[in-house]
Number of protein chains: 2
Amino acid sequence: MKIVGINVKNLRKEKDLSLRGLASKVGVSASLISQLETGKVAPSLETLKKIATALDSTVSALVGENIVQTNNPFLRKADRKSLNSLKEGVQMFLLTSKDYNKQMEPLLFKLDPKASSGKAMYKHFGQEFVLIIKGTLEVMLNDVNYILRKGDSLYFNSNTPHQFKNIDRGITEAVWVVTPPTF
Amino acid sequence: MKIVGINVKNLRKEKDLSLRGLASKVGVSASLISQLETGKVAPSLETLKKIATALDSTVSALVGENIVQTNNPFLRKADRKSLNSLKEGVQMFLLTSKDYNKQMEPLLFKLDPKASSGKAMYKHFGQEFVLIIKGTLEVMLNDVNYILRKGDSLYFNSNTPHQFKNIDRGITEAVWVVTPPTF
DNA sequence: TTTATTTGTTAAGCATTAATTAACACAAGA
DNA sequence: TCTTGTGTTAATTAATGCTTAACAAATAAA
């Protein structure tokens, strides 16, 4: 019995990688990747792990252990979908499955060092809650600067002009919950 | 380079299975299981999946992917106020300063090992968002069990009956955002 | 104690297959 | 046209997953 369906093709396409591109990152032949995707061969655990890391994914996702279901309340970390980053070095991930009648929009922000929201101040309706998971974030609210470290949080109305910037040497992670949902 | 550390031994011991016992369930030789546990051989994906199901576990767990870490908008971690715990071993902290006209209520839950919400199912209005910061939380939604590990999240309507329990050996921490605020 | 199970480990060999190289057809530009 | 890039497949080889068998050590039963 052959195992079929290593989900590398979709992930590869999402990252806009060719067979040879991924193969070189992983350190195997392009032919092998093709054979995996077409279900002709099951990879070894070693290469499967390499592929997972090369795709910023997990073995779990590649072997299809994820519960996929419409209106699924559960979202595994590995299944987070990233949004188009509004600025360089700013990654945003949805913390919920799509297609849900939500009142809140929980996001995860990952900011590279020195990454910021840009010069423009954001201003919109609703409210926002920020909790720092890792790193240090500088948030400007109405010309007032707040330095948020791990565990610190912030709650403000979205119509107050706001900016933010990662002032940590490493990556800063923050849970960002917005109401109402905009994405 | 050899892959070491397929976590089958601990899981096998937990289920009080011998090498031969597990081997017969999986359909392989006891020798193979031993070689896996001692890191002499990496299993094929096919047998790895069989082992996972035989142990009521997942490939992800076996390869070790889930072990696995005043109107003032600003709230420092040290200034968090704790709420009266509704159950033993369940600590709740407000993640906002009080006296704020909020649409959301962000909380931090800290659960001692085995601590739970009790037998009664909660049911109220609004919506809830849960994100695991540390540990492992079991959440029951309408008779469906979800195992949330670090980074996993959950979004559900509050009127669906729900329970939760810390099934980690250590403390479990979760960000819990409720709308509308109730505290 | 003696005997008998049961435990986990290892050696050796086999059979499976993961992975390679090479060549292939097809499409998109230059 | 020629070139470059795409994905796929055939054939071969090298690697290794898996087996059987025998092993010592621990526990249980006689």
Side-chain angles (χ1 to χ4, degrees), chain A residues 1-66 68 78-79 81-82 84, chain B residues 1-67 169:
Chain A
M1 197 193 311
K2 182 132 305 185
I3 288 187
V4 187
I6 308 296
N7 307 324
V8 32
K9 189 161 193 172
N10 292 334
L11 286 168
R12 180 172 63 82
K13 291 292 187 186
E14 283 181 13
K15 294 208 168 282
D16 209 18
L17 280 170
S18 68
L19 286 178
R20 288 166 177 80
L22 176 59
S24 71
K25 287 189 66 172
V26 176
V28 296
S29 68
S31 171
L32 177 61
I33 306 286
S34 172
Q35 295 177 65
L36 299 185
E37 292 183 350
T38 52
K40 301 195 188 311
V41 169
S44 71
L45 262 181
E46 192 177 340
T47 58
L48 187 64
K49 284 189 175 181
K50 288 182 190 171
I51 293 173
T53 58
L55 292 174
D56 295 322
S57 185
T58 61
V59 172
S60 178
L62 292 183
V63 300
E65 272 181 344
N66 313 293
V68 178
D79 297 334
K81 301 238 167 99
S82 64
N84 297 329
Chain B
M1 198 190 312
K2 181 132 303 186
I3 289 188
V4 186
I6 307 297
N7 308 324
V8 32
K9 189 161 193 173
N10 293 333
L11 286 168
R12 180 172 62 83
K13 291 291 187 185
E14 283 180 13
K15 294 206 167 284
D16 210 18
L17 280 170
S18 68
L19 286 178
R20 286 168 178 78
L22 175 59
S24 72
K25 287 189 66 172
V26 176
V28 297
S29 67
S31 171
L32 177 61
I33 307 286
S34 172
Q35 294 176 65
L36 299 186
E37 292 184 349
T38 53
K40 300 194 190 309
V41 170
S44 71
L45 263 181
E46 192 175 341
T47 58
L48 188 63
K49 283 189 175 180
K50 288 183 190 169
I51 293 173
T53 58
L55 292 173
D56 295 322
S57 185
T58 61
V59 172
S60 179
L62 292 182
V63 300
E65 271 181 345
N66 45 9
I67 296 173
R169 291 182 183 173

In this structure, how many angstroms lie between the [atom2] atom of [N] and the [atom1] atom of [X], rounded?
| X | N | atom1 | atom2 | value |
| --- | --- | --- | --- | --- |
| B:Ile33 | D:dG17 | CD1 | C1' | 12 Å |
| B:Ile51 | D:dG17 | CD1 | C1' | 11 Å |
| A:Leu36 | D:dG7 | CG | P | 14 Å |
| A:Lys9 | D:dG7 | NZ | P | 8 Å |
| B:Glu37 | C:dT9 | CD | P | 7 Å |

Inset, instruction - Output the residues of residues 15-29 of chain B in contact with DNA chain C, where contact means a heavy atom of the residue under 4.0 Å from an atom of the strand; sort by number or write none. - result: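 Those residues whose heavy atoms fall under 4.0 Å from DNA chain C, taken from residues 15-29 of chain B in numerical order, are B:Ser18, B:Leu19, B:Arg20.
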What are the atom names and distances for every N/O pair under 3.5 Å that joins the protein to nucleotides 24-26 of chain D?
none

Inset, instruction - Nearest 0.5 Å please: distance from the CG atom of A:Leu11 over to the CD atom of A:Glu37. - result: 10.0 Å
Legend entry - Gap between atom OG of B:Ser18 and atom NZ of B:Lys13 - 0.5 Å precision: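 Between B:Lys13 NZ and B:Ser18 OG, I get 8.5 Å after rounding to 0.5 Å.
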Legend entry - 5' priority, DNA chain C, between B:Arg12 and B:Ser44 [closest heavy atom]: B:Arg12
Inset, instruction - Tell me, please, which residues at least two apart from B:Asp16 pass salt bridge (Lys or Arg N to Asp or Glu O under 4.0 Å). - result: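 Expected list: none.
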Close side-chain approach of [X] and [Y], heavy atoms under 4.5 Å:
| X | Y | result |
| --- | --- | --- |
| A:Thr58 | B:Val63 | no |
| A:Lys50 | A:Val28 | no |
| B:Lys15 | B:Asp56 | yes |

Indicate the atoms forming the closest heavy-atom contact of [X] with [Y], along with that distance.
| X | Y | value |
| --- | --- | --- |
| A:Pro43 | A:Thr47 | CB-OG1, 3.5 Å |
| B:Arg12 | B:Leu55 | CA-CD2, 4.0 Å |
| A:Val41 | A:Leu36 | O-CD2, 3.3 Å |

Legend entry - Residue pairs, two or more places apart or on separate chains, that pass side-chain hydrogen bond (donor to acceptor under 3.5 Å, both in side chains) and touch residues 20-34 of chain A: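 Those involving residues 20-34 of chain A are A:Ser31-A:Gln35.
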Legend entry - Short side-chain N/O contact from A:Lys13 to OP1 or OP2 of D:dT6, under 4.0 Å: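 Indeed not, no polar side-chain atom of A:Lys13 lies that close.
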Legend entry - Qualifying residue for side chain to side chain contact (heavy atoms under 4.5 Å, CB included) with B:Ile51, from B:Val59, B:Leu32, B:Ile33: B:Ile33
Legend entry - End-to-end axis angle, where each axis spans five pairs of the helix from C:dG8-D:dC23 to C:dC24-D:dG7, to 10°: 50°
Do any N or O atoms of the protein come closer than 3.5 Å to N or O atoms of nucleotides 9-13 of chain D, and which pairs are they?
| unit_1 | atom_1 | unit_2 | atom_2 | d |
| --- | --- | --- | --- | --- |
| D:dT9 | OP2 | A:Lys40 | NZ | 3.3 |
| D:dT9 | O4 | A:Ser31 | OG | 2.7 |

